[in-house]
Amino acid sequence: MLQCTKELLKEQYGISENAMKIINRAEQEIASAFNGIDQIRQYNQIKVLAAFKRCKVEQRHFLPSTGYGYDDNGRDTLDKLYAEVFNCQSAIVSPMIASGTHAIYLALTALLRPGDTLLFAGGKPYDTLEPIIGLTPSSGSLEEWGISYKQTEIACDGTLDIEQIKEALSDTKCRAVLLQRSKGYAWRPSLSINDIKAAVKEIRQVSPETVILVDNCYGEFCYTQEPTDAGVDIIIGSLIKNPGGGIAPTGAYIAGKEELITQVAHRLTAPGIGREVGSYAAWYLPFFQGLFLAPHVAAEALKGAVLCSKVFEALGYDVLPSAECPRTDIIQAVKFGNSEALISFIKAIQRSAPVDSHVVPEPWNMPGYQDPVIMAAGTFIQGASIELSADAPIRPPYIAYMQGGLTYDHVKFALMLTAQGIM
Ligand SMILES: *Cc1c(COP(=O)(O)O)cnc(C)c1O
């Protein structure tokens, strides 16, 4: 670091030489992981550019529409672009889908019918899915609609338990299997594309008619392939995470097989209307530009996550994944063991933010979550977790999940603040 950087850090934020030293030392030890991330970023950037070229993206596609939005070229081209990037037949990308949770609910309610069974393969699903399924009673849950739910547990080594999945599928004919690529708020490895590929092969053998969906939240552009490349039928993700590149203001996507995406479209708007309507009176530019930037931004976030892992490992905490482990999502988990260190970590992340850096986050009962949650999100786009953010349910063993970072330098600086607060 330049001498003037050190002085600025000391002067503006009171960061000690020692905290700087710890972070800089950790950074020197992860050069090869960074090189791997650069290689993936390069591939994905070209993949995205080639999709823009195939879709002949033009200035006019950025323009807004109003009313019904018939013949909205921006909307239709954006859909096509996502389908090209994700190497699948069709996609719906929409600012009308409020979040990743909404998109998952939309897809499940579009594809399942009363009497069907949904299998969640891989432990407890992400917290916000519990009310959707009906695990916590909620109006409009799948349970209310007469859709049953089954789940298989994670195997001892933290991966998918294929035998259990096969058994569950041979028992009942499940209409749909949902896999979650990212660990979410769980202490397990996230699923790699190879894990997903292997599961798809086995599921197809025992139950070829079952629709395989992947919750792809946080996974986009972390690897050269996506779950659609591994043969799944549908992937779902949020635009205020990776594929929005920190630029998309809202929305989510659902991508996959044409026939299934058409079903989803009829649920998104209305049967018989499908994707013919849907206007957006703000313009589409940020969705296109965000997707263009997404491979780069995901790589910045990945580097930040790797550095976080190395730093907290050096400080004596359990981390998941380790700095050297190949990544399949942008989440870094750190196990603090006590709520004080956990809360101090989250508060330091907030202090490093460009927005609301003066605000002190406190645990609160967030809609959709079972325990009080503390979140640091000093973001430009509200709650965006492709921007540097950290969250933690306040429950033992007090694990913080850090993710995002539009620039690596921001994450590096934030880690100095967190380390300083804990040492
Ligand atoms: C974020 C996330 C969701 C839900 O997305 P929201 O946009 O927060 O509703 C679902 N699953 C996983 C794994 C996620 O990371």
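Order of listing sets the numbers, starting from 1, for every ligand and every atom in it.
Under the 4.5 Å side-chain criterion, counting only non-hydrogen atoms from C-beta, Ile234 is in contact with Ile261. Contact of the Tyr284 side chain with the Arg75 side chain is registered, since non-hydrogen atoms from C-beta on lie closer than 4.5 Å. Side-chain contact between Ser344 and Phe336: absent, with no pair of heavy atoms (C-beta onward) separated by less than 4.5 Å.
Side-chain contact of Tyr149 with Gln151: a donor-acceptor pair under 3.5 Å is present, judged by distance alone. For the residue pair Tyr218 and Ser385, a side-chain donor N or O sits within less than 3.5 Å of a side-chain acceptor on the partner.
Protein neighbours of ligand 1 below 4.0 Å, counting non-hydrogen atoms: Ser99, Gly100, Thr101, Ile104, Tyr126, Gln180, Asp215, Cys217, Tyr218, Ser238, Lys241.
A salt bridge links Arg204 with Asp233: the distance from a Lys NZ or Arg NE/NH1/NH2 to an Asp or Glu carboxylate oxygen falls below 4.0 Å.
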